Amino acid sequence: MAQYEAVIGLEVHVQLNTATKLFCRCRNHFGDPPNTNVCPVCLGLPGALPVVNQAAVAHAVKTGLLLNCTIAAFSKFDRKHYFYPDLPKAYQISQYDLPVCRAGWLEILLNEQPRRIGITRVHMEEDAGKLMHDEGGGGSVVDLNRTGTPLLEIVSEPELHSPDAAYAYLTTLKQLISYLGVSDCNMEEGSLRCDANVSVRPVGVTTLGTKVEIKNMNSFKGVHKALSYEIERQTKAVSAGQAIVQETRLFDTVQEKTVSMRSKEEAHDYRYFPDPDLAPMTFSAAQVEAVRATLPELPRARKERFAAQFALSDYDATLLTSERAMAEYFEATVQAGASGKAAANWIANNLLTALNAAHLTLAQCRITPAQLADMIALVESNAISSTNAKNDVFPVMFATGASPQAIVDEKGLRQVSDTTQIDAWVRAALEQNPAVMAALTSGKAKAAGTLVGAVMRLSQGKANPALVNARIAELTRAYLPPPPEPA
Amino acid sequence: MISHTDIAYLARLSRLAMSDADLAVFMPQLQQILAYIEQLRALDTTGIEPTAHVLPLRNVTRADDVGASLPQAAALQSAPQVGDGFFCVPAVIE
């Protein structure tokens, strides 16, 4: 049997996080009461005229540069016509033949190997409203708050050949766009959506097989599952000599399979034409270079810098640069005086664990980078033990946002490095542990180690552990039998 | 030449109900329009930039500042059917 390979192209829609919509000054905001962020422009009332949001254009250019695209010297908006209840004008303002960005690429890591995936185009368009269906079989209802939300449609070349590659493409794209700060990239809130075109062909063949479009994948894992299912379905069909029907299929998230939409197959005829209400846009080379200069340091460059500048492991550097907010938190912590290694450890091991457990994002974190640095300084100056820092100080900081000094003072956690006090605890521990004493006098020096726990308990964890070890060694020496006389 | 099928297709795309009497009126009109387009198509436009917009305007944009939206009641007032702040439409089934 012939071996088949999959050919996948992805269309990703990203909602831009501008303050206002693409063509009107209504708020661009998710979760408000229905039909409250609407005006004559986004309701499509007669005579209303759209005006382009310059922030959305700037975001589009930035994203294009991020994806190594050519920015068009001349670009325009076109009308795409179709009737649907969530589209009040009966046309969507989009871009047809002159998108803002063309011919770029995105580098992904696949099996640790870098691979460039071509980006066909990135164009601007407006989102449609939200249509909800009455489960009871009644009518449908429409909320037009989303209508006119600025979107970027990012179209890849059909250069992905596995669900893993598609997944890597999506996670990389999401990471980069999040770094850019032009979108929240929240799939649950619909600010990032993905459709896939997939076909199969015998390995070695260079022409494309009949493609199927898959919609309704609401998570990256969903995309992976839908593609896996669809590739297997098509491979089986083609192997059995059946033809693939060009169609749109929906991913059923419950059954984890794709199903044909079975809509009346009326060929799409969108009758695109330039929108006469909107003036074309031009971008000079100087403008484009000015935008390029504002691009942030991207994850890979930042990871390499972190590894070199702060002597971090590849793992830590990757983790700390996976999100821009985290990379900035880390750098702010270092700037506030913490060593790179300590800041990395506390963020990677303690802060992220706590945030995950509490289902919080870094933006919601109550510990400021300066506070974290202060806490690290308290540990490193031996003012508190790292155990106390972990168990008693950090959790309170995390829960209340209080400063580490205040918590240490309030709980009386300041580490005791006073030798007289530690000696008293060591003696008390010895008296409480006659077995240890007996072991020592019979020559078992290692028995002294078991006193550490007892001393730490007596000190309520406040004794300086290094000093405790030193003082135990010193004070127990007297109980050991004298070393044998040299012969 | 434009056919009945073409007109019916256009009418469907535009969601216009057309009776045979309507077709009899509009067919010749459309044919005239298309004949005119044919005349234009006869011109040699080699080397002429397609017109994207008839006005010499470029880059008409606005700042990203929030302005007032309509009150919900005003937004919904012209709709034939509303409920719970939504526009109500016939069931849409894919």
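Side-chain atoms are counted along with the backbone in the values below, which use heavy atoms only and exclude waters and symmetry mates. Residue numbers start from 1 in every chain, and the chains themselves are labelled A, B, ... in the order their sequence lines are given, proteins ahead of strands. Keep in mind that this is a model prediction, so the values were computed, not measured.
- Within the 4.5 angstrom heavy-atom criterion, only side-chain atoms of A:P85, from C-beta onward, approach chain B.
- The residues A:D86 and A:R146 are annotated as not salt-bridged, no charged nitrogen and carboxylate oxygen being separated by less than 4.0 angstrom.
- Applying a 4.5 Å heavy-atom cutoff, the residues of residues 78-86 of chain B that approach chain A are B:D84, B:G85, B:F86.
- Residues of residues 60-69 of chain B lying within less than 4.5 angstrom of chain A, judged on heavy atoms, are B:V60, B:T61, B:R62, B:A63, B:D64, B:D65, B:V66, B:G67, B:S69 in numerical order.
- Looking at B:V25 and B:D22, their side chains never come closer than 4.5 Å, going by heavy atoms from C-beta outward.
- Salt bridge A:E213/A:K211: absent, no basic N to carboxylate O contact under 4.0 Å.
- At a 4.5 Å heavy-atom cutoff, A:L98 makes no contact with chain B through either its backbone or its side chain.
- Contacts between B:L55 and chain A at a heavy-atom distance below 4.5 Å are absent for every atom of the residue.
- Taking the centre and axis of the six-membered ring of A:Y270, the NZ or CZ atom of A:K80 falls inside the cone set by 45° and 6.0 Å.
- Here salt bridge (charged side-chain N to carboxylate O under 4.0 Å, His left out) pairs that include residues 39-61 of chain B, with residues two or more places apart or in two chains, are B:E38-B:R41.
- Here A:E230 pairs with A:R249 in a salt bridge; the nearest charged N to carboxylate O distance falls below 4.0 Å.
- The greatest number of non-hydrogen atom pairs below 4.5 Å with chain A, out of B:N59, B:V54, B:T51, B:L57, is found for B:N59.
- Each of A:N17, A:I177, A:L180 was scored for a side chain to side chain contact (heavy atoms under 4.5 Å, CB included) with A:C185, with one residue passing: A:I177.
- At a 4.5 Å heavy-atom cutoff, the contact between A:D275 and chain B is made by backbone atoms alone.
- Classified by interplanar angle (parallel below 30°, tilted 30° to 60°, perpendicular above 60°), the ring pair A:F23/A:F77 is perpendicular.
- Interface check for chain B: of the options A:C39, A:C26, A:P276, A:P34, the most heavy-atom pairs under 4.5 Å are formed by A:P34.
- Residues of residues 47-54 of chain A lying under 4.5 angstrom from chain B, judged on non-hydrogen atoms, are A:V51, A:V52, A:N53, A:Q54 in numerical order.
- Contact annotation for A:C42: neither backbone nor side-chain heavy atoms come within less than 4.5 Å of a heavy atom of chain B.
- A cation-pi contact, defined as under 6.0 Å to the ring centre and within 45° of the axis, links A:R79 to A:Y91.
- The pair A:D127-A:R193 meets the salt-bridge criterion, with a side-chain N (NZ, NE, NH1 or NH2) lying under 4.0 Å from an Asp/Glu carboxylate O.
- A:K215 and A:D195 are joined by a salt bridge, as a carboxylate oxygen and a charged side-chain nitrogen come within less than 4.0 angstrom of each other.
- In summary, the aromatic rings of A:H81 and A:F273 are positioned with their centroids under 6.0 Å apart.
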